[in-house]
Protein chains: 2
Amino acid sequence: MVTIKDVAKKAGVSISTASLVINNKAGVSERLRAKVLAAIEELDYRPNGMARALKSKKSKVLGLIIPDIVNPFFPLVVRGVEAAALRYGYSLILGNTDGKLEEEARYLELFVEKCVDGIIFIPASNFKKNIRTFLRIESPKVVIDRALEGTGLPTVMTDNITGAYLATRHLLANGRRRILFISGPQDLQASQDRYKGYKKALGEFGLDEELVLNGDYTFDSGKRVMEQALKEKLCFDAVFGANDLMALGAMVVLSENKIKIPEDVEVVGYDNILFSSLSKPTLTTVEQPAYQMGYEATRLILRQIYSKKELSECKLLEPKLIVRESSPQQY
Amino acid sequence: MVTIKDVAKKAGVSISTASLVINNKAGVSERLRAKVLAAIEELDYRPNGMARALKSKKSKVLGLIIPDIVNPFFPLVVRGVEAAALRYGYSLILGNTDGKLEEEARYLELFVEKCVDGIIFIPASNFKKNIRTFLRIESPKVVIDRALEGTGLPTVMTDNITGAYLATRHLLANGRRRILFISGPQDLQASQDRYKGYKKALGEFGLDEELVLNGDYTFDSGKRVMEQALKEKLCFDAVFGANDLMALGAMVVLSENKIKIPEDVEVVGYDNILFSSLSKPTLTTVEQPAYQMGYEATRLILRQIYSKKELSECKLLEPKLIVRESSPQQY
DNA sequence: CTGAAAGCGCTAACAC
DNA sequence: GTGTTAGCGCTTTCAG
């Protein structure tokens, strides 16, 4: 391994002069600078990030925890985070938890050991213990997508109540009255908010009978829930899935059972993943700007790192209804 | 920040005793061990990974470069890599390049600075400069999915020739004779192999006229290529996309133009991403065990780390044809 | 401008 | 068994 010492020796200067050149700082004569640069080139020197981090107490690494990398919504978020991070010279340790709380806890610990300069957290649930662990960590923090009530943590999210309201109102305006809501994990604020939006729209149409089944945001849970609904002979003329994956899962089961979409049952999802525009019929959905959410979250982290202040900003992005074949507009 | 020094002081022992306890090593009396453990608990001490890495020259971090996190094939690979990594106490720095060579180069450099203990690389192309940079890096290396001819690098991949051969033969056995092949980036070994498999099958059926258009593995390129094919009034009765995303893109355009699948044109993809089983019609495809590939690659890396030897093993996994509605079996 | 030297938190000889 | 100490590679005072 080539160290700064080797560079200094080769260039015939002291270590500190070499350091100044390496870090592009002023106070070195052109002559020596050139010599050092030449030595670096010749030896193919790369500064040792570990040593730098140890000394400067800045690792230039960010930690990102996501619940499910297989859900196409999250890769987009990751891409946004990464783009912003790389741009500002940070790299990313990825922690995919597959929704498991132990893994989540483990990554949180790991991030502390790895001395990440900031953590972007998309919790898999509202599990108090992990949230508490997270709060205790001193590095800058941002939460994406899931409001952690009352923590004052900087957050980037869309207005889930409005999004779900838009979706439900659309179905109601289409004349549907028995709307089955497939919820996400119940303890997530985002899930609760989408439920609230659903209820709010029902309320406006004078409906108070709700129709709710619980999923967990996976494709399989969407299928499972729909199979259950059919077996129980639930009566419904529309389905609103709390995310596209579940809505897509429900659609598959519906089709298998020769139930026509949208004639017999209209379907709406949430997220606008690529495949919601590819299914047959294409899926009406509520768009969330995933890439942008990741990007903004990272900027929020970076701002905290640079300002050395904890922010408690909440960046609320607007969801947008995208009407497609699974529930064509009738009004 | 709590350091080992604080722990030692609190426990009333020396630093080295504390270190022994922290690292779970023998040679400490039960009495002192308990004291140290108590101190750790009380102070909520976490070892500083930077310092450890600097001293031990092991960062316990792996670097992973993927070309496109939005292609659902890669999240599965990532998940496999991550599962294996976490299991053995490693974390993962993710580098998504969006197919850009500069980003690829940047991540390679970054990994060296970050002192990753190993690199798993899925190159976006056969770009020599980056490959050379990669080869120069001293850490253990593994390549996934893309054979780098003649480098002797340990590799995990499926047999792309066979996979493509299987797909093409299936279409031929179904009676199709004018099969349009939508290739991946031409300079990728994997792409070339899939092309070879396509040619091989054609050859066996005494066909030598090929029908090839170039895509870049993205959904949009699949659409673009198919639009072009239709505009040029190309005559074909089947499409074989070098990955599912492009095949799906082609299907969308086909449908838009009222061309019936599979009646008018049969379609086959490659990868078996989740959504190939959700499209209408569902997409025949060649399965690649993405998760397993990631997992195996990580194990290969880990073995190199532990054995301190460079391996040059090539783990070849078998692809499998999955026949679905877009080209139902007729033979 | 340039160089000597202290020390970041930790591990691992090496003494006792 | 336990403690002392020398670095790992780097940045950063502080003298000169």
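Order of the sequence lines fixes the chain letters, A, B, ..., with proteins taken first and strands second; residue numbering starts at 1 for each chain. Quick caveat: nothing in here was measured; it's all calculated off a predicted structure.
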Glu30(B) bridged to Arg33(B) by N-O distance under 4.0 Å: yes
Rounded to whole angstroms, how far apart are NZ on Lys114(B) and C1' on dC10(D)? 14 Å
Given atom CD of Glu30(A) and atom P of dC1(C), what is their separation to the nearest angstrom? 9 Å
Under a 3.5 Å distance rule, please check whether Glu104(B) uses its side chain to pair with a backbone N or O of Ala124(B) as donor and acceptor. yes
Any donor and acceptor pair, going by atom type alone, linking the side chain of Thr158(A) with main-chain N or O of Asn160(A) inside 3.5 Å? no
State, to 0.1 Å, how close Ser59(A) and Cys115(A) come at their nearest heavy-atom pair, and which atoms those are. OG-O, 2.6 Å
Could you tell me whether Arg303(A) and Glu313(A) have a side-chain N and a carboxylate O separated by less than 4.0 Å? yes
Atom CG of Asp6(A) and atom P of dC10(D): how far apart are they, to the nearest Å? 9 Å
Using rotation axes that map the C1' atoms of four end pairs onto the next four (five pairs an end), what angle separates the end axes of the helix from dC1(C)-dG16(D) to dC16(C)-dG1(D), to 10°? 40°
Residues that Asp216(B) engages under side-chain hydrogen bond (donor to acceptor under 3.5 Å, both in side chains), provided they are two or more places apart: Thr218(B), Ser221(B)
Does Thr133(B) use its side chain to pair, donor to acceptor, with the backbone of Lys129(B) at less than 3.5 Å? yes
Sugar-phosphate atoms are those with a prime plus P, OP1 and OP2; base atoms are the rest. Using that split, label each nucleotide of nucleotides 8-16 of chain C B, S or - for protein heavy atoms under 4.0 Å, 5' to 3'. BBBBB----
Shortest non-hydrogen contact from Gln304(A) toward Glu310(A): OE1-CA, 3.8 Å
